[in-house]
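The block underneath contains the structure these notes are about, expressed in structure tokens.
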Amino acid sequence: MNPTVLIYRSELLPPSETFIDSQAHALRRYQPLFAGLRRIPTGLELDPEEVIALAPHNSLQDKLRRRLFLRTGIAPGFLRRLALRYPVLLHAHFAVDAAAALPIQKHFGVPLIVTLHGYDVTSSDESLRATAAVRIYLRRRQELFARARLFLCVSEHIRAAALARGFPEAKLRTHRIGVDVDLFAPDPLRSRDCDPIVLFVGRLVEVKGCEHLIRAMALVEHRHPEARLLIVGDGPLLPALRTQASQINHRTTFLGPQPPCVVRDLLHRSTLLVVPSVATSNGNSEGLSLAACEAQAVARPVTGFRGSGLEEAVADRDTALLVPPRDHAALADAICTLLEDPDLAARLGEAGRRRAVACFSLARQTALLERIYDQVLA
């Protein structure tokens, strides 16, 4: 029996966080057990045998149990159920969740590893205080710095941001979450849609910049009236983006959140992927664009705004066309260039595939993660 590692996320698991699920199930020498405060009714499907939630429902009693644990760490039944699985290590995703998980670490005395993804180290403290969980994180942050064994940063940008926020430099290590380069692989025999398709994949939140893509597509339609925009994802900005698209872009379809196999099929049908991520006014910025990594893996060209989330995924101009942030006209020109130059699109796609295999293979990156587990336990 492989040793058990607790994969902690307070909410299990948002539909957009397939990367956590994929990484956990790519482990070969450790057994993942998802632990958290509650299951999200519309979240990712997880094997019930692999999940232990403190209070899985949304009754008043469950809400009080979650609040008690967040504030005091008291949850004897929850800790007893976790103890039956004999965890040897706790791996929390996002610093905010890691602070909530500190009572688990202290109860079992196991090493704590934290993956830092983005908002948890790039957003200002003032903007983070809105929720109780974040206020608890801000109170426990120094304790988290002391008790965590390692902070894994999904990009060099996130490592630099964490260092600037006061995270202990000796505990910071860059480790990128990978993508399944076998699932996301080129397939020239797949049918392509007759119309050129521009694809967006991501949460519909400010940092993902979808509103800028919709504005750019209004310009693209003047040159390519047959072009279509497909938007995969959900989030609080969905109503506003629907309204914006209906007013200025007549060939936009919102597909909602989709599983990886559907995203892969859409990438095969698409002409290109656009990653218009931006830094927000509160400092929040994307750590690493896994959507760009998936597009590269299937040899699709990528364009988008220069910035940490995209630039570290694509590396250089040999794999993508990057334009200045928030420049709708430049983004529209880049989209049109790829629509009009299939040879360029193919070259970028082929170079992207080579980079994805070399740098973002899920199997390779997870094997490296298991070595980190080994080192921490040793």
Side-chain angles (χ1 to χ4, degrees), residues 1-10 12-13 17 19-37 50-54 69-70 72-76 78-117 120-121 133 136-137 139-155 158-159 162-163 165-178 287 364-378:
M1 178 74 71
N2 289 334
T4 297
V5 54
L6 296 181
I7 309 297
Y8 185 88
R9 184 77 165 95
S10 289
L12 297 166
L13 260 176
E17 294 181 4
F19 52 90
I20 297 177
D21 183 37
S22 297
Q23 183 188 70
H25 287 109
L27 294 169
R28 292 294 171 262
R29 295 186 292 104
Y30 290 84
Q31 179 66 38
L33 175 64
F34 294 95
L37 302 184
E50 295 183 336
V51 180
I52 295 180
L54 184 152
F69 177 77
L70 275 176
T72 68
I74 296 173
F78 178 51
L79 295 173
R80 278 197 300 270
R81 283 183 287 150
L82 294 177
L84 293 174
R85 306 296 284 271
Y86 301 101
V88 299
L89 188 145
L90 174 59
H91 183 173
H93 287 268
F94 297 92
V96 173
D97 297 66
L102 279 175
I104 299 173
Q105 188 275 328
K106 287 187 277 190
H107 180 81
F108 292 109
V110 297
L112 169 63
I113 292 176
V114 184
T115 294
L116 306 176
H117 291 275
D120 45 349
V121 292
I136 289 170
Y137 158 66
R139 289 200 299 271
R140 294 179 182 172
R141 185 160 53 188
Q142 293 303 317
E143 182 184 4
L144 178 63
F145 291 170
R147 300 192 72 90
R149 194 69 62 85
L150 278 179
F151 294 96
L152 302 182
C153 308
V154 297
S155 64
I158 292 302
R159 186 182 183 281
L163 194 58
R165 292 282 178 197
F167 282 72
E169 183 174 10
K171 295 184 177 184
L172 293 173
R173 184 181 301 187
T174 300
H175 176 78
R176 299 177 178 89
I177 292 180
R364 176 179 176 274
Q365 293 304 109
T366 307
L368 291 173
L369 176 64
E370 290 191 308
R371 283 185 225 161
I372 293 172
Y373 287 173
D374 294 341
Q375 293 164 6
V376 166
L377 290 170

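Because the structure is a prediction, the values reported are computed rather than measured. Each residue takes its place number in the sequence, starting with 1.
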Can you check whether Ile158's main-chain N or O pairs, donor with acceptor, with His117's side chain at less than 3.5 Å?
no
With side chains defined as the heavy atoms from C-beta onward, is the minimum distance between Leu89 and Arg149 less than 4.5 Å?
no
Measure the shortest side-chain to side-chain distance between His175 and Leu150 over non-hydrogen atoms and say whether it is less than 4.5 angstrom.
no
Between Ala75 and Phe69, the two heavy atoms sitting closest are CB-CD1, 3.6 Å
Residues which pass side-chain hydrogen bond (donor to acceptor under 3.5 Å, both in side chains) with Arg81, listed by chain and number, not counting sequence neighbours:
none
Compare every heavy atom of Ala133 with every heavy atom of Val96, then report the nearest pair and how far apart it is.
CG1-O, 3.9 Å
If you take all heavy atoms of Gly73 and Leu79, which pair is closest and at what distance?
O-CD1, 4.5 Å
side-chain hydrogen bond (donor to acceptor under 3.5 Å, both in side chains) with His107: which residues, sequence neighbours excluded?
none
Within this structure, what is the CZ-CD1 distance for the pair Arg173 and Ile113, rounded to the nearest 0.5 Å?
8.5 Å
Distance-only, no hydrogens or angles: does the Arg165 side chain make a donor-acceptor pair with backbone N or O of Val121 under 3.5 Å?
yes
Among Leu369, Thr174, Val114, exactly one meets side chain to side chain contact (heavy atoms under 4.5 Å, CB included) together with Leu152. Which residue is that?
Leu369
Sorted by chain and number, sequence neighbours left out, side chain to side chain contact (heavy atoms under 4.5 Å, CB included) with Arg140 holds for Ala99, Leu102, Pro103, Ile136, Glu143
Rounded to the nearest 0.5 Å, what's the gap from CD1 on Ile104 to NZ on Lys106? Could you check?
11.5 Å
Check whether Ser10 reaches the backbone of Leu37 with its side chain - one donor and one acceptor, N or O, closer than 3.5 Å.
no
Taking C-beta and beyond as the side chain, do Asp97 and Asp120 meet within less than 4.5 Å on heavy atoms?
no
side-chain hydrogen bond (donor to acceptor under 3.5 Å, both in side chains) partners for Arg147, two or more places apart
Gln105
Using a 4.5 Å cut-off on heavy atoms from C-beta on, say whether the side chain of Glu17 contacts that of His93.
no
Between Ala35 and Leu12, what is the shortest heavy-atom contact and its length?
C-CD1, 3.7 Å
Is the closest side-chain heavy-atom distance between Leu368 and Arg364 below 4.5 Å?
yes
Contact between Phe167 and Glu169 at the side-chain level, heavy atoms closer than 4.5 Å - yes or no?
no
Side chain to side chain contact (heavy atoms under 4.5 Å, CB included) involving Asn2 - partner list, sequence neighbours excluded
Gln31
Residues two or more places apart in sequence or in another chain: which of them pass salt bridge (charged side-chain N to carboxylate O under 4.0 Å, His left out) with Arg141?
Asp125
d(Leu144 CG, Leu112 CG) to nearest 0.5 Å is 6.5 Å
Would a distance-only check, ignoring hydrogens and angles, find a side-chain to backbone donor-acceptor pair under 3.5 Å from Thr4 to Arg85?
yes
Heavy atoms only: give me the nearest Ala101-Leu90 pair and the separation to one decimal.
O-CD2, 3.8 Å
Validation row: Lys171, Phe145 side chains within 4.5 angstrom (heavy atoms):
no
For Gly36 and Tyr8, which heavy atoms make the closest approach, and how far apart are they?
CA-CE1, 3.7 Å
What do the steps show when you test Ile7 against Gln23 for side-chain contact (heavy atoms from CB on, under 4.5 Å), and what is the final call?
CA-CA 10 Å; Ile7 309 297; Gln23 183 188 70; 6.0 Å; no
Quick one: are Phe94 and Arg9 in side-chain contact, heavy atoms under 4.5 Å?
yes
Pairwise distance NE2(His91) to CG(Leu6) - rounded to 0.5 angstrom:
11.5 Å
Return the CD to CG distance between Glu370 and Asp374, rounded to the nearest 0.5 Å.
7.0 Å
Can you check whether His25's main-chain N or O pairs, donor with acceptor, with Arg28's side chain at less than 3.5 Å?
yes
Relative to the ring of Tyr373, is the ring of Tyr30 parallel (under 30°), tilted (30 to 60°) or perpendicular (over 60°)?
perpendicular
